[in-house]
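A note on names: the letters A, B, ... follow the listed sequences, proteins ahead of strands, and every chain is numbered from 1.
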Amino acid sequence: MSKSSGKSSQKTPQAIRGTQDIFGADAESFAFVVETFERVRKLYRFRRVEMPVFEKTEVFARSIGETTDIVSKEMYSFEDRGGESLTLRPEFTAGIARAFLTNGWQQHAPVKLATHGPLFRYERPQKGRYRQFHQIDAEIVGAAEPQADVELLAMADQLLKELGIEGVTLHLNTLGDGDSREAWRAALVEHFRSVKDELSEDSQERLEKNPLRILDSKDRRDQKFVADAPKIDQFLSDDARAFFDAVTGGLDAAGVKWTRAESLVRGLDYYRHTAFEFIPDEGSDAAGKLGSQSTILGGGRYDGLMESLGGAATPAVGWAAGIERLAMLVGEKSETRADVIVVVENDAVLSKGIEAARKLRDGGMAVELVASGSPKKRFDKARKENPKALLSFDQRDAFQSNLRGDADVEASIRSILNDPAFDL
RNA sequence: GCGAUCGUAGCUCAGUUGGUCAGAGCGCCGGUUUGUGGUACCGGAGGUCGCGGGUUCAAACCCCGUCGAUCGCCCCA
């Protein structure tokens with residue numbers, strides 16, 4: 001904005017609530033998370049998949065569960081010009097299931113898939129929570145065996161380690177198979193209904209909508225009833241029991257530390273068997289950085305999902321993690337230093353600066369060219385950036401150059417600009 | 001949808017019981033030191049103190065509304 005033009009009378013539009021413009025150190029942390037995920041995912045041979053950001057609304061409505069908050073009030077839905085209801089994806093799993101069915105990926109099953117990108121949920125923004133947020137996601141589709149759960153969790157565990165995130169523990173539970181889950185749910189409803197009047201207002205409502213979530217309640221009034229609520233273990237079929245034992249046994253073999261969380265349930269209707277969340281330990285550094293958003297990676301098995309979309313029964317297991325939350329835990333990632341800053345101290349030698357910068361970049365060096373502003377201040381400006389080497393060009397009586405910096409970088413520069421014209 | 005806190009230059013913030021309170025640092029622009037130098041000095045641009053009402057002789061400061069941000073509840077990554 002120049003002095004003569006002054007301020008425009010136009011009002012600058014504001015960013016949409018709950019969206020973010022990520023820049024600088026935060027953007028570096030974000031990129032570090034994604035790059036680490038990409039690296040680890042390849043170690044486990046998960047295949048990259050790109051998904052559309054929006055789908056027909058029914059993809060999410062039918063798979064996630066009509067009564068969940070996500071579907072009933074948190075979706076970004078709109079009609080396209082043909083009058084069809086479309087929705088910006090609130091999660092990855094439903095879209096992946098749809099893609100699996102419509103593209104005939106059964107032929108690849110079991111298939112390990114990984115993706116990442118933006119998701120959208122119409123919620124109140126707060127710490128670590130946005131309306132447009134970003135996740136990394138991993139799924140194994142078409143694998144019924146507990147070994148798939150183990151592999152998936154081992155990858156998650158290794159990812160967190162490679163991100164350098166400490167003080168986080170895998171909380172693990174089983175919801176049993178469909179019948180187990182329903183029996184348990186019925187018993188829970190009965191248990192809590194008998195003390196309904198003593199429950200918190202929120203939990204009285206949960207009793208009708210989503211009784212399993214009463215187990216998660218933070219309200220003191222609910223906790224004593226949660227303690228002696230029926231446990232899923234009482235309702236597990238032999239198969240479900242064996243499945244869970246196989247998962248925990250595999251985790252031990254893989255060296256993944258875990259803890260049983262009997263009251264851990266996930267909000268979405270499609271989960272069966274394994275449910276898990278990586279949660280910061282109480283009082284840990286990580287817990288402090290995340291505020292009230294405690295789960296950094298969560299998922300489970302969703303054997304019933306494909307059928308809800310009209311496909312054949314297909315077992316699958318997956319997880320997702322919020323990139324923003326992970327980025328808060330990986331610490332400051334500073335932007336990389338320049339290898340060289342080329343300073344043009346006199347505009348008469350500008351072309352020489354441009355030429356040198358290009359040649360150095362061709363040679364694989366990260367180069368910044370400083371050639372604007374007060375000529376006398378360019379050098380100091382470059383020094384402040386703390387490059388590995390500093391190359392300055394000037395023209396007084398004659399062209400002259402000056403190079404100083406780390407010995408090895410200096411040597412590379414001299415060999416790349418090995419031309420008398422640069423006077424090195 | 002509900003609650004709490006906050007909203008002063010591009011950025012981070014000062015502004016005492018309402019009366020030179022429109023400021024500092026950083027950043028930006030220009031200049032000095034006639035120089036091979038990350039330091040210093042001088043000067044400049046830039047703000048209707050989120051917006052709109054109200055109280056008052058007088059409001060950035062008090063009251064109401066509104067918008068926005070932040071944090072929390074619900075829910076969830």
Side-chain angles (χ1 to χ4, degrees), chain A residues 1-7 9 11-20 23-24 33 64-65 67-75 89-93 116-137 156 200-206 209-210 212-214 216-219 265-268 276-280 290-300 318-329 341 343 345-346 372-387 390-394 396 400-405:
Chain A
M1 206 174 295
S2 75
K3 165 175 143 190
S4 55
S5 66
K7 234 177 201 172
S9 60
K11 267 222 173 96
T12 303
Q14 295 172 309
I16 305 300
R17 179 198 294 269
T19 63
Q20 18 167 17
F23 177 73
V33 170
I64 294 173
T67 63
T68 60
D69 274 22
I70 293 181
V71 170
S72 60
K73 62 183 199 198
E74 293 175 3
M75 295 204 302
R89 62 183 181 197
E91 58 146 41
F92 281 113
T93 308
H116 65 81
L119 303 171
F120 305 84
R121 245 121 99 165
Y122 197 93
E123 293 187 284
R124 199 66 191 243
Q126 53 185 275
K127 192 177 182 70
R129 171 183 226 175
Y130 307 91
R131 286 189 174 177
Q132 178 181 334
F133 58 107
H134 302 79
Q135 286 186 345
I136 51 178
D137 182 277
S200 67
E201 297 75 16
D202 286 333
S203 284
Q204 293 188 28
E205 211 170 305
R206 291 186 183 110
K209 276 169 43 189
N210 201 347
L212 299 198
R213 295 223 62 103
I214 297 176
D216 273 354
S217 176
K218 293 170 187 166
D219 198 303
V265 296
R266 310 227 73 227
L268 280 22
F276 53 85
E277 296 180 353
F278 282 83
I279 301 174
L290 284 176
S292 67
Q293 312 303 324
S294 56
T295 303
I296 63 171
L297 183 153
W319 57 249
I323 297 175
E324 289 87 348
R325 290 186 190 175
L326 292 171
M328 284 191 281
L329 301 179
I341 296 187
V343 184
E345 298 201 75
N346 183 328
S372 62
S374 168
K376 289 180 178 175
K377 288 183 175 171
R378 290 175 192 173
F379 191 90
D380 286 352
K381 191 172 165 185
R383 291 283 331 189
K384 274 191 173 176
E385 298 292 317
N386 189 28
L390 218 165
L391 174 61
S392 66
F393 291 157
D394 202 353
R396 279 177 232 160
Q400 53 186 270
S401 65
N402 183 271
L403 172 64
R404 52 182 56 198

Hey, are A/E324 and A/Q20 close enough side-chain-wise for a donor-acceptor pair under 3.5 Å?
yes
Minimum-distance nucleotide (side-chain atoms of A/D380 versus B/G30, B/C73, B/U39)
B/U39
Among B/C76, B/G68, B/G37, the one nearest any side-chain atom of A/R325 is B/C76
Just how far is it from atom CZ of A/R378 to atom OG of A/S392, taken to the nearest 0.5 Å?
12.0 Å
Heavy-atom distance under 4.5 Å between the side chains of A/L326 and A/I136, does that happen here?
yes
Please report the distance, rounded to the nearest Å, between CZ in A/R206 and C1' in B/C73.
10 Å
Rounded P spacing from B/G44 to B/A4 in Å:
46 Å
Nearest to the side chain of A/K384 - B/U39, B/C71, B/G68?
B/U39
Closest of B/G3, B/U36, B/U39 to the A/Q400 side chain is B/U36
Please answer whether B/A77 and A/F133 are stacked, defined here as ring centres separated by less than 5.5 Å and planes angled under 30°.
yes
Rounded to whole Å, CD1 of A/I296 lies from P of B/C76 at a distance of 18 Å
Using the P atoms only, state how far B/G68 lies from B/A24, rounded to an integer number of Å.
33 Å
Closest approach to the side chain of A/R129, judged atom by atom: which nucleotide of B/G68, B/C76, B/G37 is it?
B/C76
State whether the distance check finds a donor on one side and an acceptor on the other, under 3.5 Å, for side chain A/E123 versus base B/A77.
yes
When we call it a touch if two heavy atoms are under 4.0 Å apart, what does A/E345 touch: a base, just sugar-phosphate, or nothing?
base
Closest to the A/T295 side chain: B/G27, B/U36, B/A77?
B/A77
Is there a donor-acceptor contact under 3.5 Å from the side chain of A/R89 to the main chain of A/L119?
no
Closest-nucleotide mapping onto RNA chain B: is A/S392 or A/A15 further toward the 5' terminus? I mean the 5' end.
A/S392
Contact under 4.0 Å: A/R121 side-chain N or O vs B/C75 OP1/OP2
no
Assign each of A/R213 and A/D394 to its nearest nucleotide of RNA chain B by heavy atoms, then name whichever residue's nucleotide is nearer the 5' end.
A/D394
Measuring from the side chain of A/P125 (C-beta onward, heavy atoms only), which nucleotide among B/G30, B/C71, B/U70 has the closest atom?
B/U70
Which listed nucleotide (B/G68, B/C75, B/U39) is nearest to the side chain of A/E74?
B/C75
Between P of B/C76 and CZ of A/F276, the distance in whole Å:
16 Å
Between P on B/C76 and CG on A/L212, what's the gap in Å once rounded to a whole number?
10 Å
Any base atoms under 4.0 Å from A/R124, or only sugar-phosphate, or nothing? Heavy atoms, all strands.
base
In whole Å, what is the span from the CZ atom of A/R131 to the P atom of B/A69?
9 Å
Atom CG of A/L390 and atom C1' of B/G38: how far apart are they, to the nearest Å?
9 Å
Report the distance from atom CD of A/Q132 to atom P of B/A77, rounded to the nearest whole Å.
17 Å
With sugar-phosphate meaning primed atoms plus P, OP1 and OP2, does A/G291 contact a base, only sugar-phosphate, or nothing at under 4.0 Å between heavy atoms?
sugar-phosphate
Correct closest heavy-atom pair for A/R131 and A/P125 would be NE-CD, 4.3 Å
Heavy atoms from C-beta onward define the side chain here; which of B/G27, B/C75, B/G72 lies closest to that of A/K127?
B/G72
Test: A/K377 and A/D380 ion pair at under 4.0 Å
no
I'd like to know if A/K381 reaches the base of B/G38 with its side chain such that a donor and an acceptor end up less than 3.5 angstrom apart.
no
Show, in sequence, the C-alpha distance, side-chain angles and deciding distance for A/L390 and A/L403, and conclude whether the side chain to side chain contact (heavy atoms under 4.5 Å, CB included) test is met.
CA-CA 6 Å; A/L390 218 165; A/L403 172 64; over 6 Å; no
Residue-phosphate contact under 4.0 Å: A/Q126 side-chain N/O, B/C71 OP1/OP2:
no
Please report the interatomic distance OG1(A/T19) to CZ(A/F120), rounded to the nearest 0.5 Å.
10.0 Å
Just jot down the ring pair (Phe, Tyr, Trp, His ring centres under 6.0 Å) partners of A/H116, sequence neighbours excluded, or say none.
none
Residue A/R383, side-chain atoms from C-beta onward, closest of B/G38, B/G37, B/C74:
B/G38
Tell me the stems RNA chain B sits in, counting at least three consecutive Watson-Crick or G-U wobble pairs, each under 3.5 Å on both distances.
B:1-7 with B:67-73, B:10-13 with B:23-26, B:28-32 with B:40-44, B:50-54 with B:62-66
